[in-house]
Amino acid sequence: MIKVVCEEITQLRVDAIVNAANTALRPGGGVDGAIRRAAGPELNQACERLGGCPTGEARLTPGFRLPARYVIHTAGPVWQGGAHNEAELLKSCYRESFKWALDKGLRSIAFPCISTGVYAYPREAAAKIAVTHMQAFEDRFTEIIACCHSEDDEKIYLNALGRS
Ligand code: AR6
C-alpha cells in the first residue's frame, strides 16, 4: 500500500526512513538535519564511519533514538537543468533504497521528497519518479509512505498517483 502523508518523517514508526543526504554523509539541513537531531549523536558517528555515499547510491545505519529501526541514507542529484543525468541518478536513489530494504527483510519504508529541497529538483518530475518506483516495489512491502513536508507536495504526489 502506498500512503501519502504530510508529516515529520522523524515521527514515523516504520522499519526504515530514507534520508536525503549529501555524498559526504556529513550533517546537513532540511530533512537530514531533522533526522540527525531526532536520532541523536550516535547517528553522526555511524555516518562518519561509512565514509560517504556517491550520488545515486544508498547506505544503511540503525535508527538509534528514532521510532524507525533503520535509516537508509541516499544522496540525490543536484538539479543542474536536467541534462546532467539527474533523472537517472534520482531513479537510482529509489532503486538502491528499496534494494537495501529488501536485503534487510524490511516491510515498511518512508521516503522524503529526495532532491527537491536544497538540491532544487523540479517537484512534479521528482514525484513522478518516486511514485513510479513505489508502484514497482509495492507488492513487496506492507507499507510504502511518501512523506511530504508541505500540502503542495502532498497534492503533487496524490496527483502523480492519480488520486486527486
Ligand atoms: N520531514 C519530512 N520532510 C522534510 C523534513 C522533515 N522533517 N524537513 C524537510 N523536508 P532537503 P535535498 C523535506 O533540502 O534537496 C541537506 O543539507 C523538504 O521540504 O532536505 O535532497 C543534505 O545534507 C523537501 O521536500 O534535501 C544535503 O546536503 C525534502 O525534504 C542536501 O540538503 C528534501 O529537501 C540534500 O538536498
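All values derive from a computational prediction rather than experimental measurement. First listed ligand is number 1; within each ligand, the first listed atom is number 1.
Closest to atom 15 (O) of ligand 1, if we only count protein heavy atoms, is Gly117 N, 2.8 Å. Val118 N, 2.9 Å is the protein heavy atom nearest to atom 14 (O) of ligand 1. Looking only at protein heavy atoms, the nearest one to atom 7 (N) of ligand 1 is Glu8 OE1, 2.7 Å. With hydrogens left out, the protein atom closest to atom 30 (O) of ligand 1 is Val31 CB, 3.8 Å, a heavy atom. When only non-hydrogen protein atoms are considered, atom 29 (C) of ligand 1 lies nearest to Cys113 O, 3.3 Å. Among all non-hydrogen protein atoms, the one lying nearest atom 17 (O) of ligand 1 is Gly29 N, 2.8 Å. Scanning the protein heavy atoms around atom 18 (C) of ligand 1, the nearest turns out to be His149 CB, 4.3 Å. In terms of protein heavy atoms, atom 23 (O) of ligand 1 is closest to Asn22 ND2, 2.9 Å.
The aromatic ring centres of Tyr70 and Phe64 sit 6.0 Å or more apart.
When the salt bridge (Lys or Arg N to Asp or Glu O under 4.0 Å) test is applied to Arg65, the partners found at least two apart in sequence or on another chain are Glu42.
Taken to the nearest 0.5 Å, the OG1 atom of Thr10 stands 14.0 Å off from the CZ atom of Arg36. Remark: Ile109 CD1 to Leu12 CG distance equals 11.5 Å, nearest 0.5 Å.
Of the polar atoms of Arg26, none of the N or O atoms is found under 3.5 Å from an N or O of ligand 1, judged by distance alone. Remark: ligand 1 and Ile9 share an N or O pair separated by less than 3.5 Å (distance only, no angle test).
When heavy-atom distances to ligand 1 are checked against a 4.0 Å cut-off, Asp153 comes that close only through its side chain, counted from C-beta outward. Residue contacts with ligand 1 for Ala20 involve both N, CA, C or O and side-chain atoms from C-beta outward (heavy atoms, distance under 4.0 Å).
Sorted by first and then second residue, the side chain to side chain donor-acceptor pair (under 3.5 Å) pairs involving residues 91-105 (not counting sequence neighbours) are Glu88-Lys91.
Between Phe98 and Phe137, the ring-plane angle classifies as parallel under the 30° and 60° cut-offs.
The pair Arg107-Glu143 does not count as a salt bridge, with every side-chain nitrogen at least 4.0 angstrom from each carboxylate oxygen. Salt bridge annotation for Arg59-Glu57: present, with a cationic side-chain nitrogen under 4.0 angstrom from a carboxylate oxygen.
In this structure, Thr116 counts as a contact residue of ligand 1, since one of its heavy atoms falls inside 4.0 Å of the ligand. Under a 4.0 angstrom heavy-atom cut-off, Arg123 registers as lying outside contact with ligand 1.
Residue contact check: Gly30 has heavy atoms under 4.0 Å from atoms 8 (N), 9 (C), 20 (O) of ligand 1. Counting atoms of ligand 1 from 1 in the listed order, those under 4.0 Å from a heavy atom of Ala34 are 7 (N).
Looking at Glu86, its side chain does come within 3.5 Å of a backbone N or O of Gln80 through a donor-acceptor pair. Judged by distance alone, with hydrogens and angles left aside, the side-chain atoms of Asp152 form no donor-acceptor pair with the main-chain N or O of Ile156 at under 3.5 Å.
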